[in-house]
Amino acid sequence: MPWWEQAVVYQIYPRSFQDSDGDGVGDLRGIRERLDHLVWLGVDAFWLSPIYPSPLADFGYDVSDYTAVDPQLGSLEDFDELVAAAHERGLRVLLDLIPCHTSIEHPWFREHSDWYIWSPVDGPPNNWVSAFGGPAWSRDEQTGRWYLHSFYPEQPDLDWRNPEVVEAFQGVVRFWLERGADGFRLDAIDRLIKDDQLRDDPPASGTFPLPLRDDAAKLRRIYSGNRPEAIEALGAIREAAGDALLVGEVFQPTSEYSRYLQVLDLVFAFEFLFSPWNAERLRAAIGAAAELRRVAWLMSNHDFERLATRVGPENLRAAAMLLLTLPGAAFLYQGDEIGLANGPGADRTYDRAGRDLMRHPMQWDSSPTGGFTTGDPWLPAVDPAERNVEAQLDDPDSLLHLYRRLIEERKHLGEPFRLLDKDGGIVAFERGEDEIAIAVTPKPS
Ligand code: GLC
């Protein structure tokens, strides 16, 4: 059985996990200092949200160099030390690979402009919209030509039909594997390849089961993304990755996932993540995803409402139980194990799409910065006096201890998995001999 099949993977948002040098931003050395937290929890691996140099238009998801570490987060030597320390403790390390687009400040954009997607006319050639709202085409002031960006204008899309792009990425994958990475979370890969004729997306029919911005919700994304050709392109990443773990972020309904699973090991179960906290809807989302057998269950990440805010504090124990008893891999976002809710953001806005709230620092102790930094944190702590790792360690009934117990006990859950029909707000299923029943209480409004 591959190591990841039943793994628990802990998502670290590097800027907000632990600062080691007092500049208010988390870093790789800080992560190394906190690895024993992950060991205590019993997780198998951690995924680092991007650590590469970035002008931070999209907080690391706009990469300006794929084979270096952002100086604010550390150096390649720090990365090597982190990997060594993780491996010594039996923890595997996953990196975030962002193949769909680079930063507009990546030297490739000027040196290899044919690696990007340009409009053949003077203006947008079609109706495609960006994930953050507005047209997916912007004018490059230097050349006057229009380029495609599926996300922010600072993130021009690469042209994966160009074999040089494919080769460059295979090189990036090999670079990190040689440095000890154990796998990758692949960012936004349903946007990897677009229609070669740049046809208009048709109007949406029916509702898309995942949240979209208004203008994106009006279109059926069949030409601007989710192309069948993406599977071949991903095959090239697989070829370079060998048997390293590849987890795909495919922002599509569950029914689309099986194609991607031809080349990927896991895909995130987004319909499960976005299911209303309601037994019937959860059961439907679980049933469809569980049939694929290779989904990564998740209840939050750095992009969407934090778990405690979404389901309410009274449901946190049930949510933990659900996440960690479903069959297959589970991803856990830093802070969820102590019940951290959305924060208020800061005086200045960092992320234009409003995601600062989900990225506040980890709370290790009750001090004003939660032990995250000795300096001035880039985003303030939310409520360290009420919620922190140290206090919950001292309390065997805490949420933190529950997470640890569930991570330990899930190793003994059997197969097969079978969903049961139960009324009364209960999600119930069998795992081999065991029957698990979780009461899902609607969040008070
Ligand atoms: C993914 C990331 C998100 C980022 C986007 C563009 O959805 O999770 O944070 O903004 O891709 O790279």
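Just so it is clear, the structure is predicted and the values come from calculations on it, not from any experiment. As the structure lists them, so they are numbered: ligands from 1, and atoms in each ligand from 1.
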- Message: Under a 3.5 Å distance rule, please check whether Ser54 uses its side chain to pair with a backbone N or O of Phe59 as donor and acceptor.
- Response: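 Answer holds: no.
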For [atom], closest protein heavy-atom neighbour:
atom	value
atom 6 (C) of ligand 1	Asp58 OD2, 3.4 Å
atom 2 (C) of ligand 1	Asp187 OD1, 3.1 Å
atom 9 (O) of ligand 1	Asp303 OD1, 2.7 Å

- Task: May I ask you to check whether Trp4 and Asp44 show a side-chain donor-acceptor distance below 3.5 Å?
- Result: no
- Query: Using a distance-only test with no angle check, is there a side-chain donor-acceptor pair under 3.5 angstrom linking Trp137 and Asn126?
  - Reply: yes
Heavy-atom contacts with [X] under 4.0 Å: which atoms of ligand 1 show up? List them by number with element.
X	answer
His302	2 (C), 3 (C), 8 (O), 9 (O)
Glu249	1 (C), 7 (O), 8 (O), 11 (O)
Phe132	10 (O)
Arg355	3 (C), 4 (C), 9 (O), 10 (O)
His101	6 (C), 12 (O)

Between the side chains of [Y] and [X], is the shortest nitrogen-to-carboxylate-oxygen separation below 4.0 Å, so that they form an ion pair?
X	Y	value
Asp243	Arg238	no
Arg259	Asp190	no
Arg185	Asp187	yes
Arg294	Asp265	no

- Message: Please determine whether any non-hydrogen atom of Arg185 lies less than 4.0 Å from an atom of ligand 1.
- Response: yes
